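Source: prediction; values computed, not measured. As a basis for the values below, the full set of heavy atoms in this structure was taken, side chains included, without hydrogen atoms, waters or symmetry mates. One-based numbering along the sequence shown.
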Amino acid sequence: MDFDSLAQATSASIPGGITYVRTAYYASVTVGGGATYARSTISGSGLGRFQSADGAWWEISEPFVTPQMFGAVANGNIANMAADTHGIQAAIDFSVAHKVPIFAPAGIYIIDGYKGDRPSWTAGEWAHGGLILRPGTALRGAGRGITIFRNGIANWRCILRIPSGNTSIRHLTVDGDRENYTPIPYADTVSSTGGSIRGEGIIYAGSDVGDNSIDVLDVEVMNTGHYGIGVANIRVTSGIIKNVYFRNTGGDCIDVKWFSSPNYDKNLIIDGVFADGCGYYFLGGGNSADNGSQAVVDIGGKTIVQNIHVSALDSDPTSSGNCGVRLRARVNDQNRLDARGSSVDGVFIKSIKADGAGSPAFQRIVGLQINCEQVSVSNIHVENCFNGIRINDSADGVPNAISLSNIRMINCRGENGEGTGLSSTSACRGINASNIHAVGCDTGIVLSGQLGNYTGLYIINNDVGIFLNDQRIGNNFICGIQYSGNTIDVSSSSTPGSSALINNGLSVYGQRKVWADIVSLADDSSWTNENRWLGGTRFFKTDTSSSAGEQLRFGAYSTGSSGASFDFAIHFPAAALPQFRFGSTSYRLSVPTVYEGTNRLWDSFSATKNDNSWLEEDAWIGGHRWLTADANASQPEVVRVGVRARAASGTTYAWAVQHYGTDVLRVSENRISLSVAAIGDYANDAAAAAGGIGIGDVYRTGSTLKVRVT
């Protein structure tokens, strides 16, 4: 039997042989809500039930129910808020009791986010306002932007709240309408009586026992005061949040955490997040710190995060900054180990902050932040953030065993050149990073921590390519770095802290050969002595009892202004020039050689030339030569002292002194020889004495050789 409205069916006397009746609508043909009702053997009123004029009881009998079957209007009129809120809540409660899903047709449903389905605000279960999804609820809409649940009141807490159990939400939009209705301020009481805070979209909270399953698919959340979707203080046995869209959320788009004690049992998959604007409008407690540190995806439980696309990410200029993806953030110090075992893959994050905005105090935007251990991050593109990827130990050394692969950080800049592409703090351990690109950042990579593995680093067009922060680079394996167009390829701190004193080394391994290629792009036409260095290795003093500074450098050094010839050089920077230079044809010492010892010291010379054909000049085996730099001299060599062979076979040797190519003195095995030029010639003994001949000196007068004895 068919009726127009539910009221018409209620006023009718229905023959006893009729077991089903059908209404065309609930109260209005324009709203709908018609349903099939079955004759009930149970008496009494309840949701989805009516009594006809003949005394019979009837109950909805449908494969699914709609809010319109319970009086919802869904025309976006604020006057219908009570009807819409009650209609949806009644549909939820009926569907759970009868194990049928809910379908919300196209329309704008106005939800009371302050008191929910109650005549006035009530503490306890309804303290959070909005709609309560009971365990077993399966809520379906007609599509995002087609079925819209919109808050319609100020001081609202949330729109959908799930205390526990298995629930499913699909194909609809949740709209907080924050611009027209302010959520409850953060400073208000937060307790069982105070309710949720700051205007949430969808909140899972309140149970750490039993089976709690999350299913959110093809849902849009927009214009919230704080969380878009919050998963807090709830044990999740299985869950998936997939293909969700966020616009203008005040705080975290998706927040996953546990407050009271560590709980890793989130078992959650977040797949396909599209966020346009996040965190900028968060209504905090009146200070800038509350107005920041929000994230598109904030993970505090074991979660798989993949396929995240974030655009128009920004924060209030005076806030502490917002984040794209965060793995157990410093802003929530509770149980930062919760995200252990999580993975993040396929993330695109682009900020709309002003180019160059952000500082360590007000970071504005961090693309991806890691504050936990044993997580993997791959296939990430971060653009125009202050920090691209930040691994922060929060002074507790928690971050370790971090895997990074296929990471691209573009134009990460801030005030005073303090922006970074990839940065890690000193207590981090075991960062395994491969195929890392830093392009156009203030500093491409800030490398700290120990026991890391870095392979395939592409450092291009940054102000500083790599910054060795506090010189904490012990036991890190670094291989395959490509530099191009950086103002400074590698920079380091000169003020290491006491914790930087690590007794470890840097090892580079290769299967057969390992080359460190150093290419200098300096303009050598104007090289000064300092700028003639092409590159090499520098050692720094790490004794914290006094000021730190450079102690020693060695590497390649240009000997000419054109850079056409090069030396290997060792330089102690206190001197103007390198102390030792070795080139292709000679070596030079800028300081004298000093020998000190208590027993014996030998300089050993060994010539390997074939001595059978030695000529007079070639008979020299080795020794010392003194050269003059006087350009007026006929030849530069002045004195040569050393050992030479006197026979062609080299079997007889002599120690010799040579002056301008002429032997002056030779000492051989059986004689001492002086050249004629070496012995002064005087007219007589008196002339010799006047010429300075002393006792024991040899001189000659004519053809007579004399020795002065008196």
Side-chain angles (χ1 to χ4, degrees), residues 1-112 115-120 122 125-126 130-142 146-149 152 172:
M1 180 176 288
D2 293 335
F3 297 95
D4 289 336
S5 66
L6 180 61
Q8 187 182 53
T10 301
S11 62
S13 294
I14 302 173
I18 302 298
T19 57
Y20 291 93
V21 297
R22 175 74 186 176
T23 60
Y25 49 84
Y26 182 87
S28 168
V29 66
T30 58
V31 174
T36 298
Y37 293 81
R39 187 182 291 271
S40 175
T41 58
I42 301 174
S43 300
S45 61
L47 294 174
R49 296 170 62 82
F50 75 91
Q51 185 180 31
S52 56
D54 56 274
W57 286 94
W58 304 83
E59 187 174 63
I60 291 177
S61 177
E62 292 281 358
F64 61 85
V65 294
T66 69
Q68 284 79 356
M69 293 177 183
F70 300 87
V73 179
N75 65 357
N77 192 331
I78 191 66
N80 296 316
M81 180 173 66
D84 287 347
T85 302
H86 173 76
I88 300 173
Q89 189 64 58
I92 291 171
D93 294 343
F94 182 90
S95 73
V96 169
H98 293 79
K99 295 180 172 55
V100 294
I102 309 163
F103 174 68
I108 300 176
Y109 300 77
I110 305 300
I111 308 301
D112 191 326
K115 62 183 185 299
D117 187 24
R118 287 293 181 270
S120 61
T122 306
E125 180 185 33
W126 288 97
L131 304 169
I132 299 176
L133 273 62
R134 312 292 186 186
T137 300
L139 176 61
R140 302 288 184 270
I146 300 174
T147 297
I148 301 172
F149 290 177
L172 53 84

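- For the atom pair Ile102 CD1 and Met69 CE, the distance stands at 11.0 Å (nearest 0.5 Å).
- Note that CG of Asp117 is 7.0 Å distant from OG1 of Thr85, once rounded to the nearest 0.5 Å.
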message = Between Leu139 and Phe149, is the side-chain contact (heavy atoms from CB on, under 4.5 Å) condition met? List the steps.
response = CA-CA 12 Å; Leu139 176 61; Phe149 290 177; 3.6 Å; yes
request  = Step by step, work out the side-chain contact (heavy atoms from CB on, under 4.5 Å) result for Tyr26 and Thr66.
outcome  = CA-CA 11 Å; Tyr26 182 87; Thr66 69; over 6 Å; no
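- Note that CD1 of Ile78 is 5.5 Å distant from CD1 of Ile110, once rounded to the nearest 0.5 Å.
- The CG atom of Asp84 sits 7.0 Å away from the CG atom of Asn75 when rounded to the nearest 0.5 Å.
- Contact record, Ile146 with Ala106: CG2-CB, 3.3 Å, taken as the closest heavy-atom pair.
- Interatomic distance, Ile92 CD1 to Leu131 CG, rounded to the nearest 0.5 Å: 5.0 Å.
- Thr137 places a side-chain N or O within donor-acceptor distance of the main-chain N or O of Arg134, the cut-off being under 3.5 Å.
- A side-chain donor-acceptor contact under 3.5 Å links Thr147 to the backbone of Ala142.
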query = Can Val21 and Phe50 be said to form a side-chain contact (heavy atoms from CB on, under 4.5 Å), step by step?
reply = CA-CA 11 Å; Val21 297; Phe50 75 91; 4.1 Å; yes
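- Side-chain N/O atoms of Gln68 and Tyr109 include a donor and acceptor closer than 3.5 Å.
- The two residues Phe70 and Val65 have their closest heavy-atom pair at CE1-CB, 4.0 Å.
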query = Hey, mind stepping through Phe3 and Ile14 against side-chain contact (heavy atoms from CB on, under 4.5 Å) and telling me if it holds?
reply = CA-CA 11 Å; Phe3 297 95; Ile14 302 173; 4.1 Å; yes
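- Among Gln51, Arg49, Glu59, the single residue meeting the side-chain hydrogen bond (donor to acceptor under 3.5 Å, both in side chains) criterion with Ser40 is Arg49.
- The side-chain heavy atoms of Trp58 and Thr10, taken from C-beta on, include no pair separated by under 4.5 Å.
- Rounded to the nearest 0.5 angstrom, Ser52 OG and Trp57 CH2 are separated by 9.5 Å.
- A donor-acceptor pair shorter than 3.5 Å can be found between the side chains of Thr36 and Arg22.
- Judged by distance alone, with hydrogens and angles left aside, the side-chain atoms of His86 form no donor-acceptor pair with the main-chain N or O of Ala82 at under 3.5 Å.
- Ser61 and Ala38 make their closest contact through CB-CB, 3.9 Å (heavy atoms, listed as atom of the first residue, atom of the second, distance).
- No side-chain donor-acceptor contact under 3.5 Å links Asn80 to the backbone of Ala83.
- Using a 4.5 Å heavy-atom cutoff, the side chains of Pro105 and Pro67 are in contact.
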